[in-house]
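Read through the structure below, which is laid out as structure tokens, and then see the notes.
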Amino acid sequence: MTAPAGRVLAVDWGEKRFGLAVSDPLRMIAQPLPTLTRRTGKRAPVGAILELLRTHEVTEVVVGLPLTPDGHEGPAAREARALGEAIARRSGLPAHFLDERMTTAHAVKSARRAGVKDEDSRARIDQMAAVGILQQWLDAQTRARAEQPDRA
């Protein structure tokens with residue numbers, strides 16, 4: 001089974017900030033993009049995300065779902081899902097959703113190990129969380145392809 005072509009963009013949804021990451025064209029490595037922000041009470045930056053989709057020639061989107069500790073969708077996950085559905089509707093690209101409960105915690109630990117100070121790190125942590133979401137999704141796709149028998 002051949003790998004799909006094109007870059008994938010990941011979004012780490014947040015009330016104030018949206019961490020972003022994009023894959024390479026071969027879908028092997030996730031790399032961070034600048035974090036987007038929104039003011040309290042304003043809409044998510046869907047227009048800016050759509051522009052990034054065009055700029056980076058993205059063919060699929062992955063949105064992290066901030067599930068509750070017991071794995072259910074609470075208000076934050078519903079908002080993240082609505083964002084992904086809006087991106088899919090407006091871009092015509094498929095949107096996938098991935099449980100992202102541990103990505104921010106891993107990003108915080110990595111930032112601290114790298115010596116990033118808390119007051120300077122929020123945007124970088126959101127970027128790292130988006131990279132974690134995307135890399136997890138890319139790796140899962142690679143494993144799924146490897147497990148499929150070749151169809152000749």
query: D12 and E100: side chain to side chain contact (heavy atoms under 4.5 Å, CB included), yes or no, with the steps?
result: CA-CA 8 Å; D12 176 42; E100 59 111 79; 2.5 Å; yes
If I compare all heavy atoms of [X] with all of [Y], which pair ends up nearest, and what's the gap?
X	Y	value
L36	A48	CD1-CB, 3.8 Å
V11	F18	CG1-CD2, 4.1 Å
A10	I133	CB-CG2, 4.3 Å
S23	L134	N-CD2, 3.4 Å

Backbone of [Y] reached by a side-chain donor or acceptor of [X] within 3.5 Å:
X	Y	value
D24	I29	yes
Q127	A21	no
R17	T37	no
Q135	M28	yes

message: For the CZ atom of R143 and the CZ atom of R145, what is their distance to the nearest 0.5 Å?
response: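 Reported value, rounded in 0.5 Å steps: 11.0 Å.
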- request: Using a 4.5 Å cut-off on heavy atoms from C-beta on, say whether the side chain of I49 contacts that of L9.
  value: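 They are in contact (side-chain heavy atoms under 4.5 Å apart), so the answer is yes.
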field: Side-chain heavy-atom pair H56, L33 within 4.5 angstrom cut-off
entry: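 Counting from C-beta outward, H56 and L33 do come under 4.5 Å.
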message: Does atom CZ (R43) have a neighbourhood of more than 12 heavy atoms from anything else shown, all under 6.0 Å?
response: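 Open: at most 12 neighbouring heavy atoms sit under 6.0 Å from CZ of R43.
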Flag if over 12 foreign heavy atoms under 6.0 Å of CD, E51: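 Yes, the 6.0 Å shell around CD holds more than 12 heavy atoms from other groups.
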Under 3.5 Å, which donor-acceptor pairs link side chains of residues 85-92 to any protein atom two or more places apart or in another chain?
from: S91; atom 1: OG; to: I87; atom 2: O; distance (Å): 2.7
from: S91; atom 1: OG; to: L93; atom 2: N; distance (Å): 3.1

task: Output yes when R27 and E60 qualify as a salt bridge under the 4.0 Å nitrogen-oxygen rule, no when they do not.
output: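 The answer is yes: the pair qualifies as a salt bridge.
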- prompt: Is L20 linked to V131 within one hydrophobic cluster, defined over Ile, Leu, Val, Met, Phe, Trp and Tyr using a side-chain heavy-atom separation of less than 4.5 Å?
  reply: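 Cluster IDs for L20 and V131 differ.
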query: Hey, any chance F97 and V22 share a hydrophobic cluster, counting ILVMFWY side chains that come within less than 4.5 Å of each other, even indirectly?
result: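 Hydrophobic grouping puts F97 with V22.
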task: Could you list all the ring pair (Phe, Tyr, Trp, His ring centres under 6.0 Å) pairs where at least one residue sits in residues 121-149, not counting sequence neighbours?
output: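 Every ring pair (Phe, Tyr, Trp, His ring centres under 6.0 Å) pair that includes a residue of residues 121-149, provided the two are not neighbours, is H96-W137.
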field: Working for side chain to side chain contact (heavy atoms under 4.5 Å, CB included), residues L50 and L53
entry: CA-CA 5 Å; L50 293 173; L53 296 178; 3.8 Å; yes
message: Is there a side chain to side chain contact (heavy atoms under 4.5 Å, CB included) between V46 and L83? Walk through the geometry before answering.
response: CA-CA 8 Å; V46 175; L83 171 66; 3.6 Å; yes
Using a 3.5 Å cut-off and no angle test, enumerate the donor-acceptor pairs between side-chain atoms of residues 61-73 and protein atoms at least two apart in sequence or in another chain.
from: T68; atom 1: OG1; to: D70; atom 2: OD1; distance (Å): 2.4
from: T68; atom 1: OG1; to: H72; atom 2: N; distance (Å): 3.0
from: T68; atom 1: OG1; to: H72; atom 2: O; distance (Å): 3.1
from: D70; atom 1: OD1; to: H72; atom 2: ND1; distance (Å): 3.1
from: D70; atom 1: OD2; to: H72; atom 2: ND1; distance (Å): 3.1
from: E73; atom 1: OE1; to: R81; atom 2: NE; distance (Å): 3.2
from: E73; atom 1: OE2; to: R81; atom 2: NE; distance (Å): 3.1
from: E73; atom 1: OE2; to: R81; atom 2: NH2; distance (Å): 2.5

